[in-house]
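Structure first, commentary second.
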Protein chains: 2
Amino acid sequence: MSCATTLKEKGFKLTPQRRLILDIIHDSGGHLTAEEILDNVQAKVTGVNKSTVYRTMELLEELGCVFKSELGDRFIYHHAEEGHHHHLVCRTCGKSIDCEEDIFLPVKRAVNENYSFRADFKHVVISGLCANCRGKS
Amino acid sequence: MSCATTLKEKGFKLTPQRRLILDIIHDSGGHLTAEEILDNVQAKVTGVNKSTVYRTMELLEELGCVFKSELGDRFIYHHAEEGHHHHLVCRTCGKSIDCEEDIFLPVKRAVNENYSFRADFKHVVISGLCANCRGKS
DNA sequence: TTTCATGCAAATGATTTGCATAGTC
DNA sequence: GACTATGCAAATCATTTGCATGAAA
């Protein structure tokens, strides 16, 4: 079911601003910060306010249309349609590689057995060094 | 080598404020936010400024005396003497459990093999549900 | 025409910074 | 005495909020 449909079903309105934002996160493929979303929106139409972007992202997160995770000192969003995955972000060049969801299965098992802790591991941002930057240093 | 010694060796001064902050992060065992450090400092002496705390923590991080990691929308610090470990933080009660460093070894191997990515995994904050809160819900 | 959404501007809250003064070595 | 560290207040910067207006159903 599309995000637009979800919005309407729950009694929220499908405004032009929300359409735009939905398009952008859908097309981006990867993840975006609120500021990047705002920039992309404003590249298409002027006059859209940052509050609208933040409020829309909050709503979309509540509806399960996007996922929010932390990257450094800010938050990033990505479309739920892409499914669950993680991000390998290079600390040198900043490039982000999508990483399959199951990579944390051994860790989930281990913390469950050793600490009785049910770890979430949803859309984790993993910092490190990509192959390219590894070669250069 | 103690943090105090490291400070002096690198030409930095061992002021009363820095002594206090070092004591607090040493005694705390776990991790602390800058604000918590400030509160603890001010419980002992009045007149210490938050800038001093932030600047001291920045310095101690550069010297390798403390580690900084992100927890939600803020940063936490802990003493390097405790060695590397991770944090299991319950999303319901907020309790933090220290978790052994090697828990991420399988993931490090996997992302290295599959993505040629060298993951850091230093002082990761793992969100989830602790045994206690799991029972209640 | 009712309710929800937007734009604007101002508030928030953690962290940072400029600068004059005070303290350490 | 030289140079670093501190306190204070003000600046940043991402994010949030109050409120009057505007638009979707």
Side-chain angles (χ1 to χ4, degrees), chain A residues 2-25 31-42 44-63 65-77 125, chain B residues 2-25 31-42 44-63 65-77 125:
Chain A
S2 83
C3 297
T5 313
T6 309
L7 269 178
K8 288 204 264 190
E9 276 188 356
K10 306 266 173 151
F12 298 103
K13 292 168 184 170
L14 188 54
T15 63
Q17 291 91 334
R18 287 180 178 168
R19 267 181 211 281
L20 259 172
I21 292 170
L22 284 171
D23 283 352
I24 284 160
I25 57 176
H31 56 241
L32 295 169
T33 64
E35 202 183 3
E36 286 166 342
I37 295 169
L38 180 64
D39 288 347
N40 284 323
V41 170
Q42 292 184 330
K44 298 191 176 185
V45 196
T46 55
V48 177
N49 195 270
K50 69 171 76 160
S51 309
T52 305
V53 172
Y54 280 105
R55 279 190 280 232
T56 300
M57 297 318 292
E58 188 186 9
L59 176 62
L60 292 176
E61 197 202 354
E62 279 166 17
L63 295 177
C65 292
V66 302
F67 297 114
K68 182 182 187 180
S69 37
E70 53 190 270
L71 173 55
D73 59 350
R74 49 183 56 189
F75 293 101
I76 56 177
Y77 300 91
V125 174
Chain B
S2 82
C3 298
T5 314
T6 310
L7 269 177
K8 288 205 266 190
E9 275 186 356
K10 305 267 173 150
F12 297 103
K13 290 168 185 168
L14 187 54
T15 63
Q17 291 91 333
R18 286 179 178 168
R19 267 180 209 281
L20 259 173
I21 292 170
L22 284 171
D23 283 352
I24 284 160
I25 58 175
H31 55 241
L32 295 169
T33 63
E35 201 183 1
E36 286 166 342
I37 295 168
L38 180 63
D39 287 347
N40 283 322
V41 169
Q42 291 184 331
K44 298 190 177 185
V45 196
T46 56
V48 177
N49 196 269
K50 69 170 80 162
S51 308
T52 305
V53 172
Y54 279 105
R55 280 189 280 231
T56 300
M57 297 318 293
E58 188 186 9
L59 177 61
L60 293 176
E61 197 202 354
E62 279 167 16
L63 296 177
C65 291
V66 302
F67 297 114
K68 182 183 186 181
S69 38
E70 53 190 272
L71 173 56
D73 59 350
R74 50 180 57 186
F75 293 101
I76 56 176
Y77 299 92
V125 174

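Labels below follow one simple rule: chain letters A, B, ... track the order of the sequence lines, proteins then strands, and each chain is numbered from 1.
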message: Check whether B:Glu36 reaches the backbone of B:Thr33 with its side chain - one donor and one acceptor, N or O, closer than 3.5 Å.
response: yes

message: Run the side chain to side chain contact (heavy atoms under 4.5 Å, CB included) test on B:Thr52 and B:Val41 for me, step by step, so that the C-alpha distance in whole Å, both residues' side-chain angles and the decisive distance to 0.1 Å come before the verdict.
response: CA-CA 11 Å; B:Thr52 305; B:Val41 169; over 6 Å; no

Reported OG1-to-CD1 distance for the pair B:Thr56 and B:Ile21, which is rounded to 0.5 angstrom: 4.0 Å

- prompt: Considering all heavy atoms of both residues, which atom of A:Ile24 and which atom of A:Ile37 are nearest to each other, and what is their separation?
  reply: CD1-O, 4.3 Å

Under 3.5 Å between N/O atoms: give me all the protein pairs with nucleotides 23-25 of chain D, atom names plus distance.
unit_1 : atom_1 : unit_2  : atom_2 : d
D:dA24 : N3     : A:Lys13 : NZ     : 3.3

Integer-rounded Å distance: D:dT16 P and A:Glu62 CD: 11 Å

field: Rounded distance (nearest 0.5 Å) linking atom NZ of A:Lys44 with atom CG of A:Asp23
entry: 5.5 Å

- prompt: Please give, in whole Å, the distance from D:dT15 P to A:Leu32 CG?
  reply: 13 Å

cation_pi(B:Lys68, B:Phe75) dist<6.0 Å, angle<=45: yes

query: How close or far is atom P of D:dT15 from atom CG of A:Leu59, stated in whole angstroms?
result: 17 Å

query: Phosphate oxygens OP1/OP2 of D:dG7: is one of them under 4.0 Å from a side-chain N or O of B:Gln17?
result: yes

Could you write out each protein N or O paired with an N or O of nucleotides 15-17 of chain C at a distance under 3.5 Å?
unit_1 : atom_1 : unit_2  : atom_2 : d
C:dT15 : OP1    : B:Phe75 : N      : 3.3
C:dT15 : OP2    : B:Tyr54 : OH     : 2.5
C:dT15 : O5'    : B:Tyr54 : OH     : 3.4
C:dT17 : O4     : B:Ser51 : OG     : 2.8

Identified side chain to side chain contact (heavy atoms under 4.5 Å, CB included) partner of B:Leu32 from the options B:Asp39, B:Asn40, B:Ile76: B:Asn40

field: Under 4.0 angstrom between A:Arg18 side-chain N/O and C:dC4 OP1 or OP2
entry: no

- prompt: Could you state the CD-C1' distance from A:Glu36 to D:dA14, rounded to the nearest angstrom?
  reply: 13 Å

task: Carefully, step by step, assess B:Ile25 and B:Met57 under the rule side chain to side chain contact (heavy atoms under 4.5 Å, CB included).
output: CA-CA 10 Å; B:Ile25 58 175; B:Met57 297 318 293; 4.2 Å; yes

- line: Here the distance between atom C1' of D:dG7 and atom CD of B:Gln42, to the nearest Å, is 12 Å

statement: Sorted by chain and residue number, the salt bridge (charged side-chain N to carboxylate O under 4.0 Å, His left out) partners of A:Arg74 (sequence neighbours excluded) come out as A:Glu35

- request: Determine the contact category for B:Gly11: base if any of its heavy atoms lies under 4.0 Å from a base atom, sugar-phosphate if only primed atoms, P, OP1 or OP2 are that close, otherwise nothing.
  value: nothing

task: Could you check how far NZ of B:Lys10 sits from P of D:dA5, rounded to whole Å?
output: 14 Å

Nearest-Å distance for atom pair CG/P, residues B:Leu7 and C:dT24: 14 Å

task: For A:Leu38 and C:dC8, give me the distance from atom CG to atom P, rounded to whole Å.
output: 12 Å

